[in-house]
Amino acid sequence: MTQSANKVVIFLGPPGAGKGTQAERLAREEGLIKISTGDILRDHVSRGTELGQQVRPILDAGALVPDAILIALIRDYLAGMESVRVIFDGFPRTRAQAEALDLLLEELGAPVTAVPLLEVPDELLIERIVERGRQAALRGEAARSDDTEEVARRRQEVYRKQTQPLIDYYGARGHLRPVDGVGTMDEVYGRIVAALG
Ligand code: ADP
């Protein structure tokens, strides 16, 4: 496969599963662009843009930003890409987003390549998120305002209701690659690379 060939990887998994970290490494090593909708939205919040002001209370509550906003954002991101070599982290999160993404990718002639699913038991997830908040504070950085136990539980609930159905969506299309997300960062990364073949 040449460097310019299209490649579309979608990371699925609950909040705290480690999608962001693993997606970042895969992007670096495979020459892909990581598109993290959480990072994009947080950037708007910190810059105080109109969008940022609109979505801030939604992020703080651990709820989902409306589909139309996310779909427009992703459309803009993909427009003008010469070859589509991307990793999605945190998108799609609903069936409507997944269907919209399929249409966009069809227009671009860049179908989904694979969907790694990071599997981590529920009881470990909240622990990881709360620890992430604690570590940020120890480094003297501002913790994510949604990395509190209460909001993390809400995010998990939202994941179960709105995002988990995508496991069947991509499973039915033969794209799903379940990966055990428990272990060191290197171990999990190795499993992801193996699962992507
Ligand atoms: P996590 O996976 O740890 O919950 P993210 O950084 O992916 O964190 O997302 C943080 C927040 O940003 C979500 O709780 C939600 O409010 C918003 N968000 C991110 N991506 C989407 C999306 N695709 N659709 C709706 N809301 C989103």
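Order of appearance sets the numbers: ligands from 1, and atoms from 1 within every ligand.
Of the N or O atoms in D146, none lie within a sub-3.5 Å distance of an N or O in ligand 1. No N or O atom of D89 sits closer than 3.5 Å to an N or O atom of ligand 1. Ligand 1 has an N or O atom lying under 3.5 Å from an N or O atom of Q97, backbone or side chain. The distance criterion of under 3.5 Å between nitrogen or oxygen atoms is not met by I58 with respect to ligand 1.
For the residues R42, R154, R144, the heavy atom positioned nearest atom 8 (O) of ligand 1 is part of R144.
Criterion: ILVMFWY side-chain heavy atoms under 4.5 Å apart, direct or through other members. Under it, L166 and L70 are part of a common hydrophobic cluster. In terms of hydrophobic clustering, with Ile, Leu, Val, Met, Phe, Trp and Tyr side chains grouped at heavy-atom distances under 4.5 Å, Y170 and I167 are assigned to a common cluster.
Considering V9, I35, I10 in turn, I35 is the only one that fulfils the side chain to side chain contact (heavy atoms under 4.5 Å, CB included) rule with V86. Between E157 and the choices R160, K161, R153, the salt bridge (charged side-chain N to carboxylate O under 4.0 Å, His left out) rule is met once, by K161.
With rounding to the nearest 0.5 Å, the separation of CD in E29 from OH in Y189 is 3.5 Å. Distance CG/N6 to CG/L32: 11.0 Å, rounded to 0.5 Å.
A salt bridge does not link D60 to R144: none of the charged side-chain nitrogens sits closer than 4.0 Å to a carboxylate oxygen. Salt-bridge formation is detected for the pair D39/K34: a Lys NZ or Arg NE/NH1/NH2 atom is positioned less than 4.0 Å from an Asp or Glu carboxylate oxygen.
Against a heavy-atom cut-off of under 4.0 Å, K19 is close to the following atoms of ligand 1: 2 (O). For ligand 1, the atoms lying closer than 4.0 Å to a non-hydrogen atom of G38 are 5 (P), 6 (O), 9 (O), 19 (C). Close approach of ligand 1 to L41 (heavy-atom distance below 4.0 Å) involves ligand atoms 12 (O), 17 (C), 18 (N), 19 (C), 27 (C). For ligand 1, the atoms lying closer than 4.0 Å to a non-hydrogen atom of P15 are 1 (P), 2 (O), 3 (O), 4 (O). When each atom of ligand 1 is checked for a heavy atom of T37 under 4.0 Å away, the hits are 19 (C), 20 (N), 21 (C), 23 (N). If you number the atoms of ligand 1 from 1 as listed, the ones under 4.0 Å from a heavy atom of R155 come out as 1 (P), 3 (O), 4 (O), 14 (O).
Given atom 12 (O) of ligand 1, the protein heavy atom at minimum distance is L59 CG, 3.7 Å. Protein heavy atom in closest approach to atom 19 (C) of ligand 1: R93 NH1, 3.4 Å.
Neither the backbone nor the side chain of Q162 has any atom closer than 4.0 Å to an atom of ligand 1 (non-hydrogen atoms only). Contacts of L70 with ligand 1, taken as heavy-atom pairs under 4.0 Å, involve the side chain alone. If you look at V65 next to ligand 1, the close heavy atoms, those under 4.0 Å, come from the backbone and the side chain alike. Contacts between A63 and ligand 1 below 4.0 angstrom, taking non-hydrogen atoms only, involve the backbone exclusively.
Because its NZ or CZ atom is both nearer than 6.0 Å to the ring centre of Y169 and within 45° of the ring axis, R173 counts as a cation-pi partner of that residue.
Distances shorter than 4.0 angstrom occur between a heavy atom of R132 and an atom of ligand 1.
Looking only at distances, no side-chain donor or acceptor of E99 sits under 3.5 Å from a matching main-chain atom of A96.
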side-chain hydrogen bond (donor to acceptor under 3.5 Å, both in side chains) between E131 and Q135, intermediate numbers included: CA-CA 6 Å; E131 183 58 22; Q135 290 300 327; 2.5 Å; yes
